[in-house]
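Some notes on the structure that comes next.
Keep in mind that the numbers below use all heavy atoms, side chains included, and drop hydrogens, waters and symmetry copies. Each residue takes its place number in the sequence, starting with 1.
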Amino acid sequence: MPLPIDLHLLLLAFGVLAGLTTVLFGFGGGFVAVPLLYTMFTTVGTAPAQAMHVAVATSTAVMIVGAGLATLRHARAGSLDMGQLRPLILPVSLGAVIGAQAAMSFGGEGLRAAFIAYLGLTILDCLFRPGFMTGTARPARPMRRLAAALIGLGIGAIAAFLGVGGSVMTVPLLRRRGADMTAATAMASPLSLPMAVAGTIGYVGLAEGSTGQVDAGAFLALAIGSMIGVRLSAPLIGRLPDRLHARVYLLLLTLVLVVMVLR
């Protein structure tokens with residue numbers, strides 16, 4: 001069922017928030033878009049299973065815009081470590097195609113449960129396993145080729161499956177390998193971009209209709225808002241204290257978890 005105009009205006013506003021979180025936290029917008037879209041579509045009468053599929057697919061498409069623009073901003077700011085990125089890009093893309101195909105054949109309520117479970121485990125891991133809350137002074141250690149390939153496949157598959165971008169996996173991973181929060185969140189965006197492109201191709205090509213599971217109106221509203229948010233947040237790159245940056249990252253994940261559980 002199509003969303004009314006007032007909800008599209010709300011999506012535009014939340015798109016700005018998605019752009020902000022993409023630049024500053026590498027979220028790619030998925031942690032804003034998925035709960036919001038799921039709530040909106042179920043509110044207007046869409047079946048929960050279908051609503052979750054549309055939310056994940058639309059969120060993945062919006063990430064192409066947000067992650068692409070955020071990558072350009074971080075490149076200009078000099079916060080990207082290409083040595084860490086290059087070995088991951090192709091495996092992430094391949095994993096995204098696998099994740100999109102898996103999500104299409106997975107029940108909507110099961111997809112929602114997986115989203116909640118993964119968020120909860122990530123938050124607990126960051127809180128209780130050493131290495132995330134307190135950064136290190138050493139340079140980020142590069143990954144071996146085989147490890148990068150396997151990790152990249154997993155990141156791409158899970159991110160496309162849940163429609164959340166790579167941040168929830170890459171930021172804790174890079175943080176524990178010695179990256180500060182600015183570098184770790186910066187590298188999430190260029191890894192989310194190939195995942196978003198590959199995942200969107202999967203969602204569009206594997207479902208009926210010209211845009212598949214992607215809702216065109218919701219995509220447009222979120223994408224425009226995301227462009228605005230990326231532009232507004234660019235001057236803040238590298239200016240957040242590292243420990244505060246890590247705490248706010250976890251706070252945002254917790255807020256999204258609460259919304260999805262209560263909904």
I'd like to know if [Y] and [X] are part of one continuous hydrophobic network [Ile/Leu/Val/Met/Phe/Trp/Tyr, side-chain heavy atoms within less than 4.5 Å].
X      : Y      : result
Tyr118 : Phe128 : yes
Met133 : Leu124 : yes
Val261 : Leu253 : yes
Leu153 : Ile89  : no
Phe161 : Ile98  : no

Tell me the closest heavy-atom pair linking [X] and [Y], and the distance in Å.
X      : Y      : result
Leu80  : Ala186 : CD2-O, 3.4 Å
Ser233 : Leu24  : O-CD2, 4.1 Å
Arg175 : Phe132 : NE-O, 2.6 Å
Ser189 : Gly26  : OG-CA, 4.4 Å
Leu20  : Gly229 : CD2-O, 3.6 Å
Thr46  : Ala51  : CG2-N, 3.8 Å

Give a yes or no on whether the backbone of [Y] and the side-chain of [X] come within a donor-acceptor separation of less than 3.5 Å.
X      : Y      : value
Thr200 : Val197 : no
Thr58  : Ala55  : no
Ser226 : Ala18  : no

Practice problem: Could you give me the CA-CA distance, side-chain angles and deciding distance for Leu127 and Ile123, then say whether side-chain contact (heavy atoms from CB on, under 4.5 Å) is met? | Solution: CA-CA 6 Å; Leu127 282 173; Ile123 292 167; 3.9 Å; yes
Could you tell me if the side chain of [Y] sits less than 4.5 Å from the side chain of [X], heavy atoms only?
X      : Y      : result
Met181 : Val171 : yes
His74  : Ser79  : yes
Leu17  : Phe14  : yes
Leu191 : Leu85  : yes
Asp215 : Leu37  : no

Quiz item: With ring centroids as reference points, do Phe115 and Tyr38 lie under 6.0 angstrom apart?
Solution: no
Quiz item: Taking the six-membered ring for Trp, are His245 and Phe25 parallel (under 30°), tilted (30 to 60°) or perpendicular (over 60°)?
Solution: perpendicular
